**Student:** 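Pasting in a structure now, in structure tokens, and then I'll have a few things to ask.
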Number of protein chains: 2
Amino acid sequence: MGGALTAKGRATRDRIVHGAAEVLRDRGVASATLDDVLSRTGTSKSQLFHYFPEGKDQLLLAVAQLEADQVLADQQPHLGCLDSWDAWSRWRDAVVERYEEQGDHCPLGSMFLQIGRDTPGARAIVVELLRQWQEHLATGIRAMQEAGHVPAGLDVDRAAAALLAGIQGGVTILLSTGRSDHLRAALDQGIAGLRPISVP
Amino acid sequence: MGGALTAKGRATRDRIVHGAAEVLRDRGVASATLDDVLSRTGTSKSQLFHYFPEGKDQLLLAVAQLEADQVLADQQPHLGCLDSWDAWSRWRDAVVERYEEQGDHCPLGSMFLQIGRDTPGARAIVVELLRQWQEHLATGIRAMQEAGHVPAGLDVDRAAAALLAGIQGGVTILLSTGRSDHLRAALDQGIAGLRPISVP
DNA sequence: CGAAAAATGGACCAGCAAGTCCAATCCGAT
DNA sequence: ATCGGATTGGACTTGCTGGTCCATTTTTCG
């Protein structure tokens, strides 16, 4: 596995990972089998185990990483420049749209049930995703603070944490019920909480 | 299955369901087998399939219902009488404590990955749980409103939805990271959002 | 070119777990 | 007591799925 990977090999490996991601999206983690992946990607078992010697878990981990990267990528460029109320609003819409489109499957969430949350690699992926996500939010809030749009006294990290929790929960509920009301409410309230108190 | 259940039969059925719940908590849904349940409860396969003719899914569904009921029960009596700021504070502490103790497993969440979210029964259970939960919150907010502790103009259902989303997300993050910061932040901010704007 | 390394095909294996079946036993009602 | 239905025991079947193995082809590189 070291560095011995030709261009062809890398291509095959990528094909397997991406194909596996598709299969997991379609069939769900619980019922997706290696043979599904093989037939979808037109590869053989020996190839799969050649590139993922540790088997299914290793493949799932690779897919999890792929999906994790996608989560933040799908929120760009909005998430990267939260420096005006308008930008926050556009980001909000992007988040709602992304998860409404995603439908009723949760590529990342399901994966950790299968792999086990305490696997060294698995936990690291989700922790790192959450960290980066929250950092982006905090950066945005600080930018607003410096521009005087958000009260200076506001606890940035706490606000970012609460907002992130609201999103997570909103998505969870969207997955369970098919309705995005909670996600919208959480986003709106989270953002509203940043605004300075309007003195009548 | 109809009404033909003697006292002994009912006892056995209950023993199986509760034993299954224990096994799922210990081993996790993914790796729990029917044989685990049997050896834990000292029953035989024919008994299990006698009381759950539709097999494993039916058993999991029964366990899911059990766990769903437990979620709200564990928040009582606080959740039922959210009529003062002090009561809200006690409820908050109860929620945090409950989920900190629960550790890193999510009996309900994991179950739906296994059963499939679109199973007729599965979705109904979680939807009903969320509905009741949110209703309790809304009732509490309305009580506070009538007592004049919460601004009359506040959109109760929206606030309850956002708070519920925050809790869900906080718990999700607690499960993933082991830290309860987000849950606490979401609860605090959600409750703080109810308070009237303090005019300096 | 030619050898070594990488990539590939696909048959095969092993184990496990859900579900079936039938015989044996218990229990309540007549 | 006894008859019928409820309950129980546990061996057996069946299908699937992750994983192994080795022969073959392709690529790389001196």
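Every value quoted in this text rests on a predicted model; they were computed, and no experiment measured them. Below, chains carry the letters A, B, ... as their sequence lines are ordered, and counting in each starts from 1.
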**Student:** Can you see if the side chain of A:Y51 gets near the phosphate of C:dT8 - specifically, an N or O under 4.0 Å from OP1 or OP2?
**Tutor:** yes

**Student:** Can you find a side chain N or O atom of B:T43 that sits less than 4.0 Å from OP1 or OP2 on D:dG9?
**Tutor:** no

**Student:** For B:S31 and B:K8, take the nucleotide of DNA chain C holding the closest heavy atom to each; which residue's nucleotide lies nearer the 5' end?
**Tutor:** B:S31

**Student:** Under 3.5 Å, is there any donor-acceptor pair linking the side chain of B:K45 to the base of C:dG19?
**Tutor:** yes

**Student:** Atom CG of A:D35 to atom C1' of C:dG9: distance rounded to whole Å?
**Tutor:** 14 Å

**Student:** When you measure from the centre of the six-membered ring of A:W85, is the NZ or CZ of A:R195 closer than 6.0 Å and no more than 45° off the axis?
**Tutor:** yes

**Student:** What is the distance, rounded to the nearest whole Å, between atom CG of B:D36 and atom P of C:dA17?
**Tutor:** 7 Å

**Student:** If only side-chain N and O atoms of B:T6 are considered, is one of them under 4.0 Å from the OP1 or OP2 phosphate oxygen of D:dT7?
**Tutor:** yes

**Student:** Could you state the CG-P distance from A:L34 to D:dC16, rounded to the nearest angstrom?
**Tutor:** 15 Å

**Student:** Rounding to a whole Å, what distance do you find between B:F49:CZ and C:dC22:P?
**Tutor:** 16 Å

**Student:** Indicate whether the side chain of A:H182 and that of B:Q134 have a donor and an acceptor atom separated by less than 3.5 Å.
**Tutor:** yes

**Student:** Using heavy atoms to find the nearest nucleotide of DNA chain D for B:Q47 and A:D57 separately, return the residue whose nucleotide is more 5′.
**Tutor:** B:Q47

**Student:** Whole-Å distance between C:dG9 P and A:L48 CG?
**Tutor:** 12 Å

**Student:** With heavy atoms under 4.0 Å as the rule, sort A:S46 into base, sugar-phosphate or nothing.
**Tutor:** base

**Student:** Does this structure show an ion pair linking B:R10 with B:D14, if we count only N-O contacts that are shorter than 4.0 Å?
**Tutor:** no

**Student:** Which whole-number value in Å describes the distance from A:K56 NZ to D:dT20 C1'?
**Tutor:** 17 Å

**Student:** Please enumerate all residues that pass side-chain contact (heavy atoms from CB on, under 4.5 Å) together with B:L66, with sequence neighbours excluded.
**Tutor:** B:V17, B:H18, B:A21

**Student:** Take the protein atom CG of A:L38 and the nucleotide atom P of C:dA11, then report the distance between them rounded to whole Å.
**Tutor:** 13 Å

**Student:** Is it true that A:E146 and A:R142 have a side-chain N and a carboxylate O under 4.0 angstrom from each other?
**Tutor:** no

**Student:** Once you apply a heavy-atom cut-off of 4.0 Å, does B:T33 come out as touching a base, just sugar-phosphate, or nothing?
**Tutor:** sugar-phosphate

**Student:** I'd like to know whether B:R25 forms a salt bridge (charged side-chain N to carboxylate O under 4.0 Å, His left out) with B:E22, so could you lay out the CA-CA distance, the side-chain angles of the two residues, the decisive distance to 0.1 Å, and finally the verdict.
**Tutor:** CA-CA 5 Å; B:R25 274 192 274 262; B:E22 287 176 27; 6.0 Å; no

**Student:** Looking at B:E100 and B:R184, is there a salt bridge between them, counting it only when a charged N and a carboxylate O are closer than 4.0 Å?
**Tutor:** yes

**Student:** Dot-bracket for DNA chain C, 5' to 3', with Watson-Crick and G-U pairs under 3.5 Å, [ ] for crossing pairs and | for other-strand pairs: what is it?
**Tutor:** ||||||||||||||||||||||||||||||

**Student:** I need the NE2-P distance between A:H50 and D:dT25, as an integer number of Å.
**Tutor:** 18 Å

